[in-house]
Amino acid sequence: MDLEVTQQHLLRELAARYGVAPASARVVFAPYRICPLGAHIDHQLGTVTAMAIDRGVLLAYAASTAREVRLSSLEFAGEMRFELDRPGAPQPGDWGNYVRGAVQALTRKGYTLSRGLVGVITGPWSEGGLSSSAAVGVVCLLALEHGNALRVAAEENILLDQAIENDYLGLKNGILDQSGILLSRRDHLTLVDCATNQHELVPLTQPVGAWSILLAFSGLKQALTGTDYNRRVAECAAAARILLDAAGRSEAKALLGCVRESEYAEHKRKLPHPLDLRAAHFFSEVERVRQGVMAWSKGDLPLFGRLMTESGESSIRNYQCGSPPLVDLYELLVRCPGVYGARFSGAGFRGCCVALVNEAAAQQIAEAITPAYARRQPALAAQASVEICHSENGARFLAGPLGQSIKDEG
Ligand code: GLA
């Protein structure tokens, strides 16, 4: 994705569709994110890792004097149009839900929106695994805030973007996606403590060979609200409740992150099936994040990758969140020479697998995966693809005060 070319294209479309001159427009970019380690533990207040990639959502827009939002997309037909005071209820499968949700999240938080916006949005690969939905939420929040001269810190935008999904759409997810999108820095691992909302950017301090992020798309598309995502969250809570009661701490919140490791070790045999598996995933993933951060900071990509692959295995066996096409991709990737490690990129129900690879082998890996996956999943082969990406900085404005980061603006 060439940001400059995409930006110019969007500005031309904004002029053609809404008569906004490029000089009066701004463009905001929110990258997609991957989660190498820390899968499915953000909603239980675990510590997770994320990284932004060099693909994402761009929105070219201008604040309007009307109290109305009018947005159209390069990928989807039709126009999203509504009054600021009446965002309305979410519509199943509609990309505009994130725009309406952004208005609702800001208003509920007490921000006054007096100016709407007109804009054109674009983003490739909305099929899942990269948090394209959270990225749409972020660009909409940033555009509305800028148009209304609101100064909102990145940390608060993380919670506002989460509110779009938690409160407006009913997905009980954590803050992994939003944090990766808003806080990441190129070639750093974004470490997020979901209990305190504190984050750290961990650099690759030792020299390592060139590496890339390979994305293998399954061709399977479905919204997370229609999956077992919320059921798994509830199972984690049920496991936490049993462990905390057994430990004599019934007053503590029913989240696995509130259970001490010593309490888990002492009482884990009291967990019925499959709650024992969900807790096993949580506590083993917490440990993988711990080891992974050390491996990353030493530039030990082979060890970091091995932990990613173990995380993938635990997601399949313990968290049981994969779907057969995603499991196929995972199995194919981890056997390829040049792959340090692989796992589902996001929740694992649809979308893509992510692999950390030696850059020199990336093309060969892509060429090996494509026919092998087509043999396993012939019905999905036509929509499947492989992309080679790199790590990137977090969300920012491209046109307007060039180079200014969201954090500087907040
Ligand atoms: C989705 C959710 C995140 C996180 C991941 C799994 O992307 O939105 O909050 O739970 O799945 O790690």
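All ligand and atom numbering here is 1-based and tracks the order in the structure.
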Checklist entry - Can you list every side-chain hydrogen bond (donor to acceptor under 3.5 Å, both in side chains) pair that touches residues 101-119, not counting sequence neighbours? => result Tyr111-Glu156
Item to check | Per-atom contacts, ligand 1 versus Leu176 - under 4.0 Å to a heavy atom | outcome: 4 (C), 5 (C), 12 (O)
Checklist entry - Would you say Cys35 contacts ligand 1, with heavy atoms under 4.0 Å as the rule? => result no
Checklist entry - Is there a heavy atom in Glu285 that sits closer than 4.0 Å to ligand 1? => result no
Checklist entry - With the threshold set at 4.0 Å, does a side-chain nitrogen-carboxylate oxygen contact exist between Lys268 and Asp276? => result no
Checklist entry - Quick one: which ligand 1 atoms are inside 4.0 Å of a heavy atom on Asp42? => result 3 (C), 4 (C), 9 (O), 10 (O)
Item to check | Check ion pair Arg376-Glu331 (N to O, under 4.0 angstrom) | outcome: yes
Checklist entry - With backbone taken as N, CA, C and O and side chain as the heavy atoms from C-beta onward, which portion of Lys172 lies under 4.0 Å from ligand 1: side chain, backbone, both, or neither? => result neither
Next on the checklist: Within ligand 1, which atoms have a heavy atom of Arg33 less than 4.0 Å away?
Outcome noted: 7 (O)
Checklist entry - Salt-bridged, Glu83 to Arg67, with N to O below 4.0 Å? => result no
Next on the checklist: Would Ile41 count as a polar contact of ligand 1, with the cut-off being nitrogen or oxygen pairs under 3.5 Å?
Outcome noted: no
Checklist entry - Should you measure from each heavy atom of Ala39, which atoms of ligand 1 turn up under 4.0 Å away? => result 12 (O)
Checklist entry - Purely on distance, is any nitrogen or oxygen of Asn173 under 3.5 Å from one on ligand 1? => result yes
Next on the checklist: At less than 4.0 angstrom from any non-hydrogen atom of Ala347, what atoms of ligand 1 do you find?
Outcome noted: 11 (O)
Checklist entry - Checking Arg306 against Tyr340: charged group under 6.0 Å from the ring centre and within 45 degrees of the axis? => result no
Next on the checklist: Less than 3.5 Å apart, any donor N or O on the side chain of Glu392 or Tyr32 sitting next to an acceptor on the other?
Outcome noted: no
Next on the checklist: Looking only at the side chains, is there a donor atom on one of Asp193 and Gln198 sitting less than 3.5 Å from an acceptor on the other?
Outcome noted: no
Item to check | Residue pairs involving residues 303-322 (criterion ring-ring contact (aromatic ring centres under 6.0 Å, His included); sequence neighbours excluded) | outcome: His40-Tyr319, His281-Tyr319, Trp296-Phe304
Checklist entry - Taking atom 11 (O) of ligand 1 as the point of reference, which of Tyr229, Phe349, Tyr319 owns the nearest heavy atom? => result Tyr229
